[in-house]
Student: 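Can you read through this structure? Questions will come right after.
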Amino acid sequence: QAQLVESGGGLVQTGDSLRLSCAPSGRPFGTYAMGWFRQVSGEEREFLAAITWRNGNRDYADSVKGRFTISRDGVKNTVTLQMNSLKPEDTAVYYCAADTHGWRQYPLRDARSYDIWGQGTQVTVAS
């Protein structure tokens, strides 16, 4: 079974930085794009950033543009999310996701574009 594993979450102070990583686990799979989302308990999952595998095109939510950077390693099939200038409102469980089909039935900002998800990693930003 193909899976994704996130790492790098934790407790930080306002203004600090964190780097999240996401790596494949289990059955190997090809990737057309990967994305990062976050979710606060009781709220909908929020898109943060996405990157296409072939061209490296990036897209960011307005809430994180200029603070977060998504990057990929095409050889290792991993994706990272560098998060700077963290704020208390960034507190959430962060998920990475992979689009292994490339059908693009939905935009990459839509969670339905992705068919493999990680288990999530908690990020807490103290004020």
Side-chain angles (χ1 to χ4, degrees):
Q1 182 179 356
Q3 295 178 324
L4 294 169
V5 179
E6 302 99 337
S7 61
L11 171 63
V12 296
Q13 301 296 315
T14 297
D16 284 352
S17 297
L18 270 180
R19 185 178 179 87
L20 304 183
S21 296
C22 175
S25 177
R27 177 177 59 84
F29 54 87
T31 305
Y32 288 87
M34 292 188 77
W36 284 96
F37 291 74
R38 67 187 178 191
Q39 189 169 23
V40 175
S41 179
E43 298 183 9
E44 289 191 4
R45 195 162 291 191
E46 176 190 7
F47 166 79
L48 299 176
I51 187 167
T52 59
W53 226 242
R54 190 171 118 181
N55 299 323
N57 293 329
R58 295 171 172 84
D59 185 26
Y60 295 96
D62 288 344
S63 59
V64 304
K65 194 175 295 183
R67 299 191 298 126
F68 291 10
T69 302
I70 188 171
S71 58
R72 77 195 192 295
D73 183 323
V75 175
K76 297 180 181 178
N77 231 24
T78 58
V79 66
T80 60
L81 186 69
Q82 177 67 41
M83 306 187 294
N84 299 328
S85 303
L86 284 164
K87 307 173 184 179
E89 51 263 45
D90 293 319
T91 295
V93 177
Y94 283 66
Y95 299 89
C96 67
D99 168 14
T100 68
H101 297 135
W103 294 333
R104 298 295 160 82
Q105 186 177 1
Y106 304 100
L108 290 177
R109 291 181 169 226
D110 192 319
R112 292 173 295 181
S113 287
Y114 304 90
D115 53 293
I116 299 178
W117 290 81
Q119 82 289 348
T121 184
Q122 176 70 45
V123 172
T124 303
V125 184
S127 57

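The analysis underlying the following values was restricted to heavy atoms, covering all of them including side chains, and did not include hydrogens, waters or symmetry mates.
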Student: Mark yes or no: Arg54 above the aromatic ring of Tyr32, with NZ or CZ under 6.0 Å from the six-membered ring centre and no more than 45 degrees from the axis.
Tutor: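 No - Arg54 does not lie over the ring of Tyr32 by the 6.0 Å and 45° rule.
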Student: With no hydrogens and no angle check, just 3.5 Å: does a side-chain donor-acceptor pair link Asn77 and Trp53?
Tutor: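 There is such a pair between these side chains.
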Student: Mind checking the CG-OH spacing from Leu48 to Tyr95? Nearest 0.5 Å is all I need.
Tutor: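 Spacing of CG (Leu48) from OH (Tyr95) equals 12.0 Å.
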Student: Measuring from atom OG1 of Thr69 to atom CG of Asn84, what distance do you get when rounded to the nearest 0.5 angstrom?
Tutor: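 Answer rounded to 0.5 Å: 6.5 Å.
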Student: Indicate yes or no for a side-chain donor-acceptor contact from Ser113 to the backbone of Tyr106 under 3.5 Å, with no hydrogens or angles considered.
Tutor: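 Yes, because the side chain of Ser113 sits within donor-acceptor range (under 3.5 Å) of the backbone of Tyr106.
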Student: Considering all heavy atoms of both residues, which atom of Ser21 and which atom of Trp36 are nearest to each other, and what is their separation?
Tutor: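 Distance-wise, the nearest heavy atoms are O-CH2, 3.8 Å.
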Student: Report the distance from atom CD of Glu6 to atom SG of Cys96, rounding to the nearest 0.5 Å.
Tutor: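 SG of Cys96 is found 4.0 Å from CD of Glu6.
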Student: If I compare all heavy atoms of Asp90 with all of Ser85, which pair ends up nearest, and what's the gap?
Tutor: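 Scanning both residues, the minimum pair turns out to be OD2-O, 4.4 Å.
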Student: Quick one, Gln1 and Ser25 - any side-chain contact, counting heavy atoms below 4.5 Å?
Tutor: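 Sidechains of Ser25 and Gln1: no contact.
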Student: Are Val12 and Phe68 co-members of a hydrophobic cluster defined by side-chain heavy atoms under 4.5 Å apart?
Tutor: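 Cluster IDs for Phe68 and Val12 match.
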Student: Just so I know, are the side chains of Arg19 and Thr80 near enough to count as touching, which here means a heavy-atom distance under 4.5 Å?
Tutor: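 Side-chain contact under 4.5 Å: yes.
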Student: Mind running ring-ring contact (aromatic ring centres under 6.0 Å, His included) on Phe47 and Phe37 for me, showing each step along the way?
Tutor: CA-CA 5 Å; Phe47 166 79; Phe37 291 74; 5.6 Å; yes
Student: Report the C-alpha distance between Leu86 and Gln13 in whole Å, list the side-chain angles of each, state the deciding distance to 0.1 Å, and finish with yes or no for side-chain contact (heavy atoms from CB on, under 4.5 Å).
Tutor: CA-CA 8 Å; Leu86 284 164; Gln13 301 296 315; over 6 Å; no
Student: May I ask you to check whether Thr78 and Asp73 show a side-chain donor-acceptor distance below 3.5 Å?
Tutor: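 Judged by distance alone, the side chains do not pair up.
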Student: Only pairs at least two apart or in different chains count here, so list each salt bridge (Lys or Arg N to Asp or Glu O under 4.0 Å) that has a residue in residues 106-127.
Tutor: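 Listed once each, the pairs are Asp59-Arg109, Asp110-Arg112.
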Student: Between Thr31 and Arg72, is the side-chain contact (heavy atoms from CB on, under 4.5 Å) condition met? List the steps.
Tutor: CA-CA 11 Å; Thr31 305; Arg72 77 195 192 295; over 6 Å; no
Student: To the nearest 0.5 Å, what is the distance between CZ on Arg27 and CD on Gln3?
Tutor: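 That separation rounds to 10.5 Å.
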Student: Between Ile116 and Val5, is there a shared hydrophobic cluster once you connect ILVMFWY residues whose side-chain heavy atoms come closer than 4.5 Å?
Tutor: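 Hydrophobic grouping puts Ile116 apart from Val5.
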Student: Dump the intermediate steps for side-chain contact (heavy atoms from CB on, under 4.5 Å) on Leu4 and Met34, then the final yes or no.
Tutor: CA-CA 11 Å; Leu4 294 169; Met34 292 188 77; 3.8 Å; yes
Student: Check the angle between the aromatic planes of Trp103 and His101 and answer parallel, tilted or perpendicular using the 30° and 60° thresholds.
Tutor: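 Parallel: the ring planes of Trp103 and His101 meet at under 30°.
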Student: I'd like to check the side-chain hydrogen bond (donor to acceptor under 3.5 Å, both in side chains) partners of Glu89; sequence neighbours left out, ordered by chain and number.
Tutor: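 If we apply the side-chain hydrogen bond (donor to acceptor under 3.5 Å, both in side chains) test to Glu89, skipping adjacent residues, there are no hits.
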Student: Decide whether Val79 and Leu108 are clustered together by the hydrophobic rule: side chain heavy atoms of Ile, Leu, Val, Met, Phe, Trp, Tyr closer than 4.5 Å, transitively.
Tutor: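 Each belongs to a different hydrophobic cluster.
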Student: For side-chain contact (heavy atoms from CB on, under 4.5 Å), just list the numbers for Val125 and Thr14, CA-CA rounded to whole Å, side-chain angles, deciding distance to a tenth of an Å, and then say yes or no.
Tutor: CA-CA 6 Å; Val125 184; Thr14 297; 4.1 Å; yes
Student: Quick one: do Asp62 and Lys65 make a salt bridge, cutoff under 4.0 Å?
Tutor: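 Between Lys65 and Asp62 there is a salt bridge, with a charged N closer than 4.0 Å to a carboxylate O.
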Student: Just how far is it from atom CG of Asn57 to atom OG1 of Thr52, taken to the nearest 0.5 Å?
Tutor: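 So the CG of Asn57 and the OG1 of Thr52 are separated by 4.0 Å.
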Student: Donor-acceptor check, side chain of Arg58 to backbone of Ile51, threshold 3.5 angstrom: yes or no?
Tutor: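 Absent.
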Student: What pair of heavy atoms forms the shortest contact from Tyr114 to Ala33, and how long is it?
Tutor: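 Smallest heavy-atom distance, with atoms named: CE2-O, 4.3 Å.
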Student: Are the side chains of Thr121 and Leu20 in touch, meaning some heavy atoms are under 4.5 Å apart?
Tutor: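 In short, these two side chains touch, coming nearer than 4.5 Å.
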Student: Rounded at 0.5 Å granularity, tell me how far CD1 in Ile70 sits from CE in Met83.
Tutor: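 That separation rounds to 12.0 Å.
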